[in-house]
Amino acid sequence: MASGGVGKEVLRNKQVMLRDYVSNGFPKESDMYVTTNTVKLNVPEGSNGVLVKNLYLSCDPYMRGRMKPPTQPSYMGSFTPGSPISGLGVAKVLDSGHPNFKRGDLIWGLTGWEEYSLITVTESLFKIHNTNVPLSYYTGILGMPGMTAYAGFYEVCSPKKGEYVFISAASGAVGQLVGQFAKLLGCYVVGSAGSKEKVDLLKNKFGFDEAFNYKEEPDLSAALKRYFPEGIDIYFENVGGKMLDAVLVNMRINCRIAVCGMISQYSLEQSEGVHNLMNLILKQARMEGFMVPNYYHKYPEFLNLVLPYIKEAKIVYVEDIAEGLESGPAALVGLFTGRNVGKQVVVVARE
């Protein structure tokens with residue numbers, strides 16, 4: 001039963017729509033458009049959905065795959081041309097037909113790229129209980145990217161103090177956290193990024209031992225040899241392609257590779273080949289892909305670890321804030337050229 005109290009008010013609802021499928025190449029702003037429709041501010045009778053006002057939206061690399069036709073492989077189902085795109089976000093419940101959510105609750109989970117959304121698939125929603133941190137953190141450090149860093153590093157990589165850790169795309173939403181988790185555990189940590197500004201961030205803000213700009217390295221394998229003369233114990237993979245190939249020849253015995261993402265491959269018509277896989281055998285290494293929803297049951301455990309780290313300033317988090325829903329398309333496509341510095345967030349409304 002809907003919670004009532006909102007009435008059947010109809011409001012204008014600004015939305016970001018997908019124009020058409022994007023099979024290959026980098027997505028462009030023109031692949032999306034902003035339009036305005038209307039929305040009724042109540043949950044339909046008999047629905048167990050929730051009607052929310054969206055506050056913050058998350059720009060994430062996996063969304064590139066959702067722009068492809070359904071015939072091409074992706075993490076999740078494709079967006080529908082002519083309909084609003086969707087992604088993770090933070091929202092406030094305005095009306096509810098679900099017993100677990102009531103008007104005024106703050107939630108994070110899968111929502112539409114629009115001002116107001118009727119969410120009927122509520123299994124992916126998490127209620128926000130800790131509001132003494134920026135709400136936008138639930139698109140990043142306290143949301144899916146944070147859980148991704150936690151699951152990939154602790155669960156997949158089984159790290160030990162003193163190990164040698166390398167992270168690609170290290171200043172991004174996930175990488176910046178993996179590096180800080182590794183440092184807190186007492187590991188030696190090196191990250192790669194695509195600009196001097198990001199390299200400085202890794203070393204001076206996130207506390208990495210070393211960092212390098214991969215665009216300035218003609219030989220990635222030689223660069224890794226320079227920073228890891230004894231080899232790599234853990235590689236947190238966000239990039240794929242040539243970087244992965246370089247890591248494979250710089251592994252130590254029993255190296256673990258957590259395959260989180262491969263952003264260098266998402267917009268290619270033909271994926272790059274990987275040539276050094278024989279090293280997985282020679283180094284008795286383990287390379288494992290993972291999907292973060294399989295670890296969401298550990299979310300309370302994750303919060304117990306991370307919230308004190310934030311409170312005690314043992315972990316810092318950098319966000320790149322884009323103001324207004326209409327700035328969403330530019331913010332999203334900017335991920336694929338490395339335009340963002342830190343976690344890319346779109347502010348729709350501040351409550």
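More than 12 non-hydrogen atoms from other residues, nucleotides or ligands lie less than 6.0 angstrom from CD of Glu326. Residue Lys283 qualifies as enclosed at atom NZ: its count of foreign heavy atoms under 6.0 Å is above 12. The local environment of NZ in Lys183 is crowded, with over 12 non-hydrogen atoms from other residues, nucleotides or ligands closer than 6.0 Å. The 12-atom threshold is exceeded at NZ of Lys127, counting heavy atoms of other residues, nucleotides or ligands nearer than 6.0 Å.
Ring orientation note: the planes of Tyr150 and Tyr154 are tilted relative to one another, at an angle of 30° to 60°. Phe181 and Tyr309 have tilted rings, their planes meeting at an angle from 30° to 60° on a 0 to 90° scale.
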(request) Just do the side-chain contact (heavy atoms from CB on, under 4.5 Å) check on Gln344 and Thr139 with the steps written out, would you? (result) CA-CA 9 Å; Gln344 183 67 67; Thr139 67; over 6 Å; no

(message) Walk me through whether Lys40 and Glu9 qualify under salt bridge (charged side-chain N to carboxylate O under 4.0 Å, His left out).
(response) CA-CA 6 Å; Lys40 282 185 180 177; Glu9 187 183 354; over 6 Å; no

(message) Evaluate Thr111 against Val52 for side-chain contact (heavy atoms from CB on, under 4.5 Å), listing each step before the verdict.
(response) CA-CA 9 Å; Thr111 188; Val52 302; 4.0 Å; yes

(request) Carefully, step by step, assess Glu323 and Arg350 under the rule salt bridge (charged side-chain N to carboxylate O under 4.0 Å, His left out). (result) CA-CA 10 Å; Glu323 291 285 347; Arg350 297 182 189 271; 2.3 Å; yes

(request) Any chance you could lay out the side-chain contact (heavy atoms from CB on, under 4.5 Å) test for Thr131 and Leu106, step after step, and finish with the verdict? (result) CA-CA 9 Å; Thr131 55; Leu106 292 164; 3.9 Å; yes

(request) Under the ring pair (Phe, Tyr, Trp, His ring centres under 6.0 Å) rule, what do Phe166 and Phe236 come out as? Steps first, then yes or no, please. (result) CA-CA 6 Å; Phe166 176 54; Phe236 202 96; over 10 Å; no

(message) Applying side chain to side chain donor-acceptor pair (under 3.5 Å) to Asn37 and Gln15, what does each step give before you reach the verdict?
(response) CA-CA 7 Å; Asn37 285 305; Gln15 300 174 305; 2.5 Å; yes

(request) Go through Tyr164 and Ile234 one step at a time and tell me if the side-chain contact (heavy atoms from CB on, under 4.5 Å) criterion holds. (result) CA-CA 6 Å; Tyr164 300 106; Ile234 289 173; over 6 Å; no

(message) Run the ring pair (Phe, Tyr, Trp, His ring centres under 6.0 Å) test on Tyr295 and Phe302 for me, step by step, so that the C-alpha distance in whole Å, both residues' side-chain angles and the decisive distance to 0.1 Å come before the verdict.
(response) CA-CA 10 Å; Tyr295 295 91; Phe302 160 75; over 10 Å; no

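Taking 4.5 Å as the limit, some side-chain heavy atom of Lys343 sits within range of a side-chain heavy atom of Ser58. The closest side-chain heavy-atom distance from Glu217 to Arg226 is below 4.5 Å. In this structure, Tyr116 and Leu41 have side chains that are in contact, with non-hydrogen atoms separated by less than 4.5 Å. The side-chain heavy atoms of Met251 and Ile257, taken from C-beta on, include a pair separated by under 4.5 Å. The side-chain heavy atoms of Tyr56 and Val346, taken from C-beta on, include no pair separated by under 4.5 Å. Taking 4.5 Å as the limit, some side-chain heavy atom of Leu332 sits within range of a side-chain heavy atom of Met32. Residues Asp95 and Lys102 form no side-chain contact, since every pair of their non-hydrogen atoms from C-beta on lies 4.5 Å or further apart. Looking at heavy atoms from C-beta onward, Val316 lies in side-chain contact with Phe206 at the 4.5 angstrom threshold.
When every heavy atom of His297 is checked against every heavy atom of Pro300, the shortest pair comes out as O-CD, 3.7 Å. The heavy-atom pair separating Tyr21 from Lys68 by the smallest distance is CD2-O, 3.6 Å. Here the shortest heavy-atom pairing between Lys198 and Ser171 reads CD-OG, 3.4 Å. The two residues Glu272 and Gly241 make their nearest non-hydrogen contact at OE1-CA, 3.4 Å. Closest approach of Lys53 and Ala349 over heavy atoms only: CE-CB, 3.8 Å. Shortest non-hydrogen contact noted between Asn340 and Gly334 is OD1-O, 3.9 Å.
Aromatic rings of Trp113 and Phe79 (six-membered ring for Trp) have centroids beyond the 6.0 Å cut-off, not under it.
The distance from the CG atom of Leu88 to the CG atom of Asp60 is 6.0 Å, given to the nearest 0.5 Å. Rounded to the nearest 0.5 Å, atoms CZ (Phe208) and CG (Leu201) are 9.0 Å apart. In this structure, the separation between CG on Asn238 and OG on Ser168 is 4.5 Å, given to the nearest 0.5 Å. Separation of atoms OG (Ser47) and CG (Leu118) is listed at 5.5 Å; rounding is to 0.5 Å. Taking CG of Asp245 as the reference point, atom CG of Asn250 lies at 11.0 Å (rounded to 0.5 Å). Atom CG of Leu110 is separated from atom CG of Leu125 by 8.0 Å, given to the nearest 0.5 angstrom.
Checking side-chain atoms of Asn204 against main-chain N and O of Asp200 turns up a donor-acceptor pair under 3.5 Å. With Arg19 contributing its side chain and Met17 its backbone, the two residues share no donor-acceptor pair below 3.5 Å. A distance-only check finds a donor-acceptor pair linking the side chain of Asn54 to the backbone of Gly112 [under 3.5 Å]. For Gln284 (side chain) and Leu280 (main-chain N/O), no donor-acceptor pair under 3.5 Å exists by modelled atom type. The main-chain N or O of Asn276 is found under 3.5 Å from a side-chain atom of Asn279 such that the two form a donor-acceptor pair.
Among Lys160, Lys161, Arg286, Arg252, the one residue that satisfies the salt bridge (Lys or Arg N to Asp or Glu O under 4.0 Å) test with Asp233 is Arg252.
Both Val341 and Leu177 sit in one connected hydrophobic cluster of ILVMFWY residues. Membership requires side-chain heavy atoms under 4.5 Å apart, directly or through other members.
A salt bridge does not link Glu288 to Arg256: none of the charged nitrogens lies less than 4.0 Å from a carboxylate oxygen.
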